[in-house]
Amino acid sequence: MAAREPTVNTLLALLLMAVPLVALAIGEPFYITLATRIAILALAAVGLNIALGLGGLVSFGHAAFFGLGGYVAAILATHAFNGEPLFLGIPGTTSMPVIWFVAIAICALIALPIGAISLRTAGVYFIMITLAFAQMIYYFAISWPAYGGEDGLSLYVRNSLPLVNTAKPLPFFLVCYALLMLALALFWLIRGSRFGAALQAARQNATRLSAVGIAPFNINLAAFVMSAMMTGLAGALFADLNRFASPSMLSWHMSGELIVLIILGGKGRLFGPVAGAMLYVFFEYALGGITERWQFFLGLILLGVVLFARGGLLGLLAGKVQHG
Amino acid sequence: MVEPVLEIRDLRKNFGALKVTDGVNLDLRPGEIHALIGPNGAGKSTLIHQISGSIRQDSGTIRFLGQDMAGLGMAARASLGLGRSFQISSLAPEFSALRNVMLAVQARQGPSFRFFRPVMADKSLTDPAMAMLERVGLAARSNLPAAELSHGERRQLEIAIALALGSKAFLFDEPMAGMGPEGSRSLTKFLGGLRREAPILLVEHDMDAVFALADRISVLVYGRIIASGKVDDIRNDPEVRRAYLGEAA
């Protein structure tokens, strides 16, 4: 059973890569956008999977970081276009690497106090307090007219990357895909490392971890911050994909969506978020084409997964988790 | 007199009106097994919890290796060398026996903020962990998840973890509980040798094991130590016989 997981993962990675190539071949560039959407949502969920899957920290506030990443991209681009400095004479930028760096750094800075406060609670209180923080940021964004308020903030053109024409769908997909693969590699390394061992032990039995002399709080806080950084990077890409940072990126629906992706795909599994994002976007598109009430059917599917396939799609395809 | 490894002075803890620890004085000297016995509800586990740091006392002091433990949490005390086993086995259930021990080895080697090197390929973790499993006789079961081990094997695994921590004192809360006669006998033999590595504060209901192992015994009844001394003194103490041992002893 155990040996099947790498095969399944490879197939999923190839499948996601194949979608835009086929789309290009049959002249349907819209599917490239769908594949890019999958890659970005998967990236955001790989981030959440560190906290939720490995650490068992059910953050219902990761939209905060997704949205922050998006607003960083849009705000920096806006200032770059209108030529007004941000503050203290710092100019805006349309350079993706700079935007990514800023998005990741800001998410880390904001996740640190949110995590430090939220992690004093556990279980349902942790869920509620992370939700509360995210909603605070959401309401702050919609009440701040300088950056669009409820209307969100548009990007005039997609931000730029050296040597890559990001305005074209396929190169932009490849950028997102590469970052997703990088994030998956990081997740894999973290999961197998000493830190990952402590984090997974904290989820299974925090008392046990304390009894060997490792304080669960510090481990969980580091995981929460890393998790937020990855989700923030995905947010910056998402704003670039849509050329728009919407307050809905910050809303609790988004947090819920990320959790749903992980549950669908298989929590704690390396490719769980990828499988989950593929399923989610496929349903959104396929069912959404048939009925406006597609989320009702998604709900039924989610119910089925929770009741009959706890391990999600990865659990069905690759069997139970092996810890070595 | 030798400096005690663990020194408890006038420890008090109330749960509401219940005095669960009522002025306890206790020490653990190098090389000894000090058994703590008493009827159910006497406050033995609560005392262990206060020593290990999972419950805070209301007053009194706990000194370990000469250092006051006030303000130190469970993790900090464990890293100073206070190893414990739990009354009800407390393990990482999904991890294999080996990985459970590796966690202790890793904690002993320093901070766990190391993100890249895979633990399963790290001989500095797997070798000592395997050696500890061999010592407690669990080597053949090293790859099984802790949840799939038998009750007795989980107790052995907890002891292997405490060993791997390089503990300077052991707190064992009913290590024999639920073990068959065969398991009890071999664990008794094992603990008897272990005292040379570090002294053991042993909470145990199995009187055969206690009388075979203990250098000293303290009897806890309703949160108070009613007697403390050598095995024979305790065995013959009329108050202890009335309160706890009954006529069987």
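A note on names: the letters A, B, ... follow the listed sequences, proteins ahead of strands, and every chain is numbered from 1.
Counting only heavy atoms from C-beta outward, the side chains of A:Arg203 and B:Glu94 approach each other to under 4.5 Å. B:Phe113 is listed as a side-chain neighbour of A:Ile219, based on a closest heavy-atom distance under 4.5 Å.
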Audit row: B:Phe86, A:Thr207, side chain to side chain contact (heavy atoms under 4.5 Å, CB included) steps and yes/no: CA-CA 10 Å; B:Phe86 293 82; A:Thr207 310; 3.6 Å; yes
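The stretch residues 146-155 of chain B participates, sequence neighbours left out, in these salt bridge (charged side-chain N to carboxylate O under 4.0 Å, His left out) pairs: B:Arg141-B:Glu153. Counting only residues at least two apart or on different chains, no ring-ring contact (aromatic ring centres under 6.0 Å, His included) pair has a member in residues 141-167 of chain B.
A:Gln204 places no side-chain N or O within donor-acceptor distance of the main-chain N or O of B:Leu91, the cut-off being under 3.5 Å. Of the possible polar contacts, one joining the A:Arg208 side chain to the B:Ser90 backbone as a donor-acceptor pair under 3.5 Å is found.
Proximity to chain A is absent for every atom of B:Ala76, based on heavy atoms less than 4.5 angstrom apart. Within the 4.5 angstrom heavy-atom criterion, atoms from both the backbone and the side chain of B:Arg114 approach chain A.
The residue among B:Glu158, B:Met74, B:Gln106 with the most heavy atom pairs within less than 4.5 Å of chain A is B:Gln106. Among the candidates B:Asp122, B:Leu103, B:Leu98, the residue making the largest number of heavy-atom pairs closer than 4.5 Å to chain A is B:Leu103. Heavy-atom pairs under 4.5 Å with chain A were tallied for B:Ser79, B:Gly53, B:Ala162, B:Ala92; the largest tally goes to B:Ala92.
Atom CZ of B:Arg9 has more than 12 heavy atoms from other residues, nucleotides or ligands within 6.0 Å. Summarising the local packing, CD1 of B:Ile88 is surrounded by 12 or fewer heavy atoms from other residues, nucleotides or ligands at distances under 6.0 Å. For B:Lys44, the NZ atom is densely surrounded, since the number of other residues' heavy atoms within 6.0 Å is greater than 12. The number of heavy atoms from other shown groups lying within 6.0 Å of CZ (B:Phe15) is above 12.
Of all the heavy atoms in A:Ala211 and B:Ala78, the pair that sits closest is O-CB, 3.3 Å.
Heavy-atom neighbours of chain B within the stretch residues 187-199 of chain A, taken at a separation under 4.5 angstrom, comprise A:Leu189, A:Ile190, A:Gly192, A:Ser193, A:Arg194, A:Phe195, A:Ala197, A:Ala198. Of residues 41-58 of chain A, not one residue has a non-hydrogen atom less than 4.5 Å from any non-hydrogen atom of chain B.
For the atom pair OG (A:Ser210) and CZ (B:Arg84), the distance works out to 10.0 Å, reported to the nearest 0.5 Å.
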